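To keep things clear, I will list the structure first and then write my remarks on it.
Please read these numbers as outputs of a predicted model, since none were measured by experiment. To find a chain, count down the sequence lines: A is the first, B the second, and so on, and within it residues start at 1.
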2 protein chains.
Amino acid sequence: MRGDSTAPNADEQRVPDRAERTRGPRRALVEAEILDEAARLFATRGFAATSMQEIATALGTSRPALYHYFTGKDEILTRLVQGLADDSRRALDQAAAVRGGAEERLAGLVCALAAPIAAAPLRARLIRSSLIELLDLDGQFAAVRDEVLLAVSGVIDEGCESGEFRRCDGRVVAFSILGMINWLAWWYDPATGPSPEALTGELSESALAMVRAQTADHGPVGVSGAIAAMRRDLDFLERTVCGDGSVTKS
Amino acid sequence: MRGDSTAPNADEQRVPDRAERTRGPRRALVEAEILDEAARLFATRGFAATSMQEIATALGTSRPALYHYFTGKDEILTRLVQGLADDSRRALDQAAAVRGGAEERLAGLVCALAAPIAAAPLRARLIRSSLIELLDLDGQFAAVRDEVLLAVSGVIDEGCESGEFRRCDGRVVAFSILGMINWLAWWYDPATGPSPEALTGELSESALAMVRAQTADHGPVGVSGAIAAMRRDLDFLERTVCGDGSVTKS
DNA sequence: CCTACCGATCGGTAGG
DNA sequence: CCTACCGATCGGTAGG
């Protein structure tokens, strides 16, 4: 545990923004306002369908004024997505500090990844809805996205081999857990739903239940379930007996 | 039981399209081509960022020609989303025919909901990326979306009360399972990943593990455990496929 | 920070 | 007369 120095809110207060260092606190404040309003509009209307005029009107200012703080619409989106990438990186750092078995480390990952999404669901929606529209961003975000996937699938594979977890396709289950987490952005409302703490607890519990080794008295469900189970077992045997990496499908 | 008339592929062949009935088979074919190309472009570039010219160019035709088949860009998106809504409704019908305990019914729901997404991930992305941009569609899709949520959370609550499932927040877990399923559209590639059948099997297995009431003792692990598990699965398949006589092909 | 204004391009439709 | 299109251009509006 690294303590609360990695908490997003504390971080924003402690480390001065780039804009604050170069142009003063006033500019940083206005930029934050613009980013917040733009995030809300991009998330609800879409990036391409949101005009700079709409952002200006929502802020009670003129459209050209926005160009004093940002070079254009693209830079606003870029800054927003960079903030989301920073959230993911902080979550990885925080989860990497968790010691213990595969269960504890997976729970730490789920909580750390889900917390920033639960804190600002509207912003989190931007990842899927606007990486499409500004293709340059996808390259910037690909690195941290791959790291997240590797972290989750890695701890699942470890738990699989140690026997803590049931035999499963680490990649598919990792995507399933990430889907469970990321989907938060499209349904969770802090105002009407459970508290963020209760939510992250429930999610990590679900993720652990998903992979935890269980007793064998429940047979596989249906023919497809039995075939899927045998396929998992074959994959597991292949990895264990034949070694690692030689026959993996990317 | 409605029988196999609810299978998507069979349905398209058996029941003539609206366009086919009114304007002939030639028109229905062209409309399907336009819809397919538009879905690909909308999913990769976004709805607002895709021009009618891009759709026409990709099809090797002129832009005005598109207006002979559709009144405009909005109608193309509307038709696409209606097709996705129909998929969800067919999935609900198919899952409603499954008899058994909460486990079997939940597995049926997961398989039925995941199958059309696995079959056409690019199309499925439209739900999230373009309901934003055409607000009228959200109202049309809200009904079936609520039905899906109620079906999943309902069967979870039932399993909870009967003791089949662990105590959990049915709403949160339902959204988690739906997130796991819907996220498929953003990572699953039928060309490089597991087969759709293996995938839906894996997903329903994960969903069941997520909610199943668990016991404390762990099953056998390691190579011998995997072999023992496969022997159990083979026995199950033998009983099901050879004993029953009717091999259900899903 | 506004007013004024640009080159480019949008979705949709005319006549033939 | 029908259908299935084409080349050219409409009025508005986008980001900058």
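- B/Phe70 has its CZ atom 16 Å from the C1' atom of D/dC5, to the nearest Å.
- Rounded to whole Å, atom P of C/dT3 lies 11 Å from atom CZ of A/Arg63.
- Among the heavy atoms of the strands lying under 4.0 Å from B/Tyr69 are primed sugar atoms or P, OP1, OP2 only; no base atom is included.
- The interatomic distance linking B/Ile76 (CD1) with C/dG11 (P) rounds to 10 Å, in whole Å.
- Of the candidates D/dC6, C/dC1, D/dG16, D/dG16 carries the atom nearest the A/Lys73 side chain, counting heavy atoms from C-beta on.
- With A/Phe175 as the fixed residue, the ring pair (Phe, Tyr, Trp, His ring centres under 6.0 Å) test singles out one of B/Tyr188, B/Trp187, B/Trp183, B/Trp186: B/Trp187.
- A donor-acceptor pair under 3.5 Å is formed between the side chain of B/Arg125 and the backbone N or O of B/Ala185.
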Reading DNA chain D 5' to 3', what string of ( ), [ ], | and . shows its pairs, if Watson-Crick and G-U wobble pairs count only when both distances fall under 3.5 Å? .....|.|.||.|.||
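- B/Thr50 and B/Glu54 form no side-chain donor-acceptor contact under 3.5 Å, judged by distance and modelled atom types alone.
- Across the protein-nucleic acid pair, A/Ile55 atom CD1 and D/dA14 atom C1' stand 13 Å apart, rounded to whole Å.
- Side chains of B/Phe47 and B/Leu126 form no contact here, defined as non-hydrogen atoms less than 4.5 Å apart.
- When rounded to the nearest whole Å, the span between OH of A/Tyr67 and P of D/dA14 equals 11 Å.
- C/dC10 atom P lies 8 Å from atom CD of B/Gln53, rounded to whole Å.
- Contact annotation: the side chain of A/Glu202 approaches that of B/Val173 to within less than 4.5 Å [non-hydrogen atoms, C-beta and beyond].
- Across C/dC1, D/dC6, D/dT3, the shortest atom-to-atom separation from the side chain of A/His68 is found for C/dC1.
- Going from atom CG of B/Leu29 over to atom P of D/dT3 covers 18 Å, rounded to whole Å.
- When the P atom of C/dC5 is taken as reference, atom CE of A/Met52 falls 21 Å away, rounded to whole Å.
- Nearest to the side chain of B/Ser62, among C/dG11, D/dC6, C/dA4, sits D/dC6.
- Among the atoms of the strands shown, none is found under 4.0 Å from any heavy atom of A/Thr71.
- Put simply, the side chain of A/Met52 does not reach to within 4.5 Å of the side chain of A/Phe70, judged on heavy atoms.
- Of the candidate nucleotides C/dG11, C/dT13, D/dG15, D/dG15 has the atom lying nearest to any side-chain atom of A/Ser51.
- Using a cutoff of 4.0 Å between basic side-chain nitrogens and carboxylate oxygens, A/Glu147 and A/Arg89 are scored as salt-bridged.
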